[in-house]
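Everything below concerns the one structure shown next.
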Amino acid sequence: MALTITDECISCGACEPECPNQAISQGDAHYNIDPEKCTECAGAGDEPKCMAACPTDGSIIKDPNHVETPDQLLAKYNKLHAN
Ligand code: SF4
């Protein structure tokens, strides 16, 4: 399951450089996560690095519209980093 950023985001930008997949970008209202690139940090660590970096409580949540298994997330990571 990819993660997503809610309206609670204060646009501090702390998460963006932490993402191993360059899935985070600044949007008009707040930062956004590209579900095609987010692996919940599968392949790069034990916990979502963006969540750990975020100073707010609840800005970054699991995206119920992008449900994936751990194996699917790892396969996505390996595909993103194949070259
Ligand atoms: Fe990037 Fe990991 Fe956050 Fe997904 S959980 S957006 S891969 S830092």
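Counting convention: from 1, in listed order, for ligands and their atoms alike. Predicted model, so just to flag it, every value in this text is computed and none were measured.
Residue Cys41 is tested with Cys50, Cys19, Pro20 for a side chain to side chain contact (heavy atoms under 4.5 Å, CB included); the sole match is Pro20. For the side chain to side chain contact (heavy atoms under 4.5 Å, CB included) with Thr4, the qualifying choice from Ile33, Ile61, Asn65 is Ile61, the only one to do so.
Remark: Lys49 pairs with no residue by the side-chain hydrogen bond (donor to acceptor under 3.5 Å, both in side chains) rule, at least two apart or across chains. Not counting sequence neighbours, Glu18 has no partner by the side-chain hydrogen bond (donor to acceptor under 3.5 Å, both in side chains) test. Applying the side-chain contact (heavy atoms from CB on, under 4.5 Å) criterion to Gln26, with sequence neighbours excluded, gives Tyr31.
One N or O on the side chain of Lys76 and one on the backbone of Pro35 form a donor-acceptor pair closer than 3.5 Å.
Residues lining ligand 1 at a heavy-atom distance below 4.0 Å are given as Leu3, Cys19, Pro20, Asn21, Ile24, Ile33, Cys38, Thr39, Glu40, Cys41, Pro48, Cys50, ordered by chain and residue number.
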